[in-house]
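What follows is a short report on a single structure.
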Amino acid sequence: MTYKPTIGLEIHTELKTNSKMFCSCKNNPDETRPNYNVCPICMAHPGTLPVANEEAIKEVIKTGLALNCEIAKESKFDRKNYFYPDLPKGYQISQYDQPLCGRGFLEVGDRNPLSPEALARRRIGITRIHLEEDTGSLAHPEGENYSLVNYNRAGVPLMELVTEPDITSGKEARKFAEELQLILRYLNVSDANMEKGQMRVEVNISVSKTEKFGTKVEIKNLNSFRVVEKAVDFEIARQTELLEAGEKVVQETRGWNDKKEITFSQREKEEAHDYRYFPEPDLPPMNFDEDFINKIKNEIMELPEQKRERFKKEFGLDENSIEFFITNKDLSEYYEKVVSEFEEWTREEESGEAHIKVSKLLANYLISDVKGLLGGAEFVEDDFKITPENFAEFVKMIYKGEISSKVAKMVLLEMFNTGKDPSDIVKENNWGQMKDDGELEKIVREVIEKNPKVVADFKAGKQNAMQFLVGQVMAVTRGTANPDKVRELLLKIL
Ligand code: ADP
Ligand code: MG
Ligand code: ZN
């Protein structure tokens, strides 16, 4: 019998609000001047009083609604007391026993597991989501005997989400965190960038052979999804080996060494912290009525999962293409604009399949060609020279066979660089698919005349010779001829 892993996550997210949680200082994660966004309130001067930021409260409730959570009718803030220099007040305002959001869940995993590596779709329980304030940040200059503290981040609204111990693998932990990041971005409550520390994932892991959970270890400071997955899998293996060797797992906090790809002990759990929680006396308790909650509910736009279903239904895209658009939101919005430009035309096409076909064609051009032309740069519609109208015309020309796929690449490059109309580009360069059989035949005859040796080879049965002749004709026509037509003509004449 093997050891079964049990994993729970604690995820902190910095919210995207104009001001801090309890004062009117700017909440600007990109501020480079240290201790610039500070005031007597977030610096804990005596006699100052906090005022709760309603925007932050709404963002947490909005997140809770998107994650199927129970929303509290009554809630309050509490003081969590501990002494550390990144915390000017000597306590953090947090929430203890009445979080804004209670029980909820998020489904992760593949809906149609096609490959053996696919992750089975499962529902991961959410225990709670609460609101607190972030701390300042410390720096320890190398070789110096002092530390520096920057309070720009002190008092920034911080949301904490805790999951049930429902997760069973590194991959599933990663999927949960990735899907949560997407949702937070779609809700526009946070940029949730892990590298910037805007989203911080802590994992709790234990393994056990029985129904009773084993001793858990907590891993902190994981700054990418890749590391979350690796650290969990490493820790499962480490704990399993320990137990199999008859040893014990120590309850402790561990860190991640990315060079060696191992977890290491940071500190063993001291006596459970006594934070001396008590209700924050300077902030009134909160009451939310149905109207308030419904208004927030109505502000929730389309979520990633709904968008996946819609993209499948409306455009017939495959899972990989859909996932590309789900994670490239700006490009997907552009995609939909182009679709609306050709929609009227494709819906009228007699075949009835034109709409799906052109939608797929467009998706391929955006995912491979445009992505390639951008060369790793972000897609920004304002800087992108091709209008949706021109892009729609472009895919229509390809679909109708007015330009070959080789010419299409040249046209797209020109559109990308100049923003010109695709039909103008084709006209100016004389790139239209050659329709005039008379002219093409003339060129074919010329090529045959100029290459007597290759023609002789062909007649002697060399198949490569034909390929060469087609290539010559394509070169003379600069790719505008239809290669099948060229082959047909060559065979006929020869
Ligand atoms: P603590 O009081 O040590 O912070 P919590 O009960 O608050 O522990 O749980 C913190 C996180 O750890 C939650 O995500 C929870 O699901 C998870 N967790 C709790 N017990 C275990 C366990 N035995 N193994 C793995 N994860 C666990
Ligand atoms: Mg806890
Ligand atoms: Zn302030």
Side-chain angles (χ1 to χ4, degrees), residues 3-12 17-28 31 35-45 48-53 56 67 80 87-89 93-97 99 102-106 124-130 133-136 150-157 160-170 172-173 176-177 180 200-220 222 228 231-232 235-236 238-240 243 248-254 267-275 277:
Y3 286 89
K4 213 168 72 227
T6 296
I7 300 145
L9 307 177
E10 291 166 282
I11 303 180
H12 284 89
T17 52
N18 293 322
S19 55
K20 288 190 182 180
M21 189 58 228
F22 300 111
C23 62
S24 55
C25 284
K26 255 209 181 111
N27 170 11
N28 178 10
E31 178 55 64
N35 296 305
Y36 186 76
N37 290 322
V38 294
C39 75
I41 296 172
C42 56
M43 294 308 293
H45 288 197
T48 58
L49 288 170
V51 176
N53 183 336
L67 296 173
K80 180 179 178 180
L87 198 69
K89 291 197 285 282
I93 302 180
S94 180
Q95 295 195 281
Y96 184 53
D97 54 352
R103 282 290 196 141
F105 65 86
L106 174 59
I124 307 300
I126 289 163
T127 315
R128 58 182 279 164
I129 312 176
H130 73 248
E133 55 180 335
D134 209 349
T135 59
N150 178 358
Y151 289 120
N152 283 340
R153 204 182 65 184
V156 161
E160 180 175 343
L161 177 151
V162 182
T163 78
E164 290 291 293
D166 287 347
I167 297 169
T168 56
S169 69
E172 196 170 52
F176 182 94
L180 178 67
R200 301 165 219 156
V201 180
E202 287 157 21
V203 296
N204 297 271
I205 307 160
S206 65
V207 301
S208 173
K209 265 188 188 177
T210 64
E211 286 303 300
K212 196 168 166 284
F213 290 160
T215 305
K216 77 174 155 83
V217 162
E218 180 168 3
I219 313 176
K220 290 194 158 158
L222 304 172
V228 168
V232 169
E235 193 56 28
I236 292 170
R238 189 188 69 90
Q239 292 182 15
T240 304
L243 296 176
K248 276 203 170 116
V249 172
V250 182
Q251 184 173 349
E252 62 183 347
T253 301
R254 296 176 76 88
R267 57 186 150 91
E268 289 195 10
K269 198 117 184 172
E270 318 93 62
E271 288 299 292
H273 265 297
D274 182 5
Y275 292 119
Y277 276 105

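Just follow the structure's listing: the first ligand is 1, and inside any ligand the first atom is 1.
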Below 4.0 angstrom, N of the basic side chain to O of the carboxylate: do [X] and [Y] qualify?
| X | Y | answer |
| --- | --- | --- |
| R103 | E164 | yes |
| R200 | D134 | yes |
| E235 | R254 | yes |

**Message:** Could you tell me if the side chain of Y3 sits less than 4.5 Å from the side chain of I236, heavy atoms only?
**Reply:** no
**Prompt:** Do H12 and E202 come within less than 4.5 Å of each other through their side chains, counting heavy atoms only?
**Reply:** yes
**Request:** Select the closest option to atom 18 (N) of ligand 1 among Q251, R128, K216, judged by heavy-atom distance.
**Result:** K216
**Message:** Out of S206, P165, G8, who is nearest to atom 22 (C) of ligand 1 when you count heavy atoms only?
**Reply:** S206
**Asked** Got more than 12 heavy atoms from elsewhere within 6.0 Å of OH, Y96?
**Response** no
For [X], counting its heavy atoms only, list the atoms of ligand 1 lying under 4.0 Å from any of them.
| X | answer |
| --- | --- |
| T6 | 24 (N), 25 (C) |
| V162 | 13 (C), 14 (O) |
| E164 | 16 (O) |
| G214 | 23 (N) |
| F213 | 23 (N) |

**Request:** Under 4.0 Å, heavy atoms only, figure out whether ligand 1 is touched by the backbone of E218, its side chain, both or neither.
**Result:** neither
**Prompt:** Side chain, backbone, both or neither: which part of L9 comes within less than 4.0 Å of ligand 1 when only heavy atoms are counted?
**Reply:** backbone
**Asked** Rounded to 10°, how many degrees is the angle SG/C39-the Zn ion (ligand 3)-SG/C23?
**Response** 110°
**Request:** Take V203 and I167 through the side-chain contact (heavy atoms from CB on, under 4.5 Å) test and state the conclusion after the steps.
**Result:** CA-CA 10 Å; V203 296; I167 297 169; over 6 Å; no
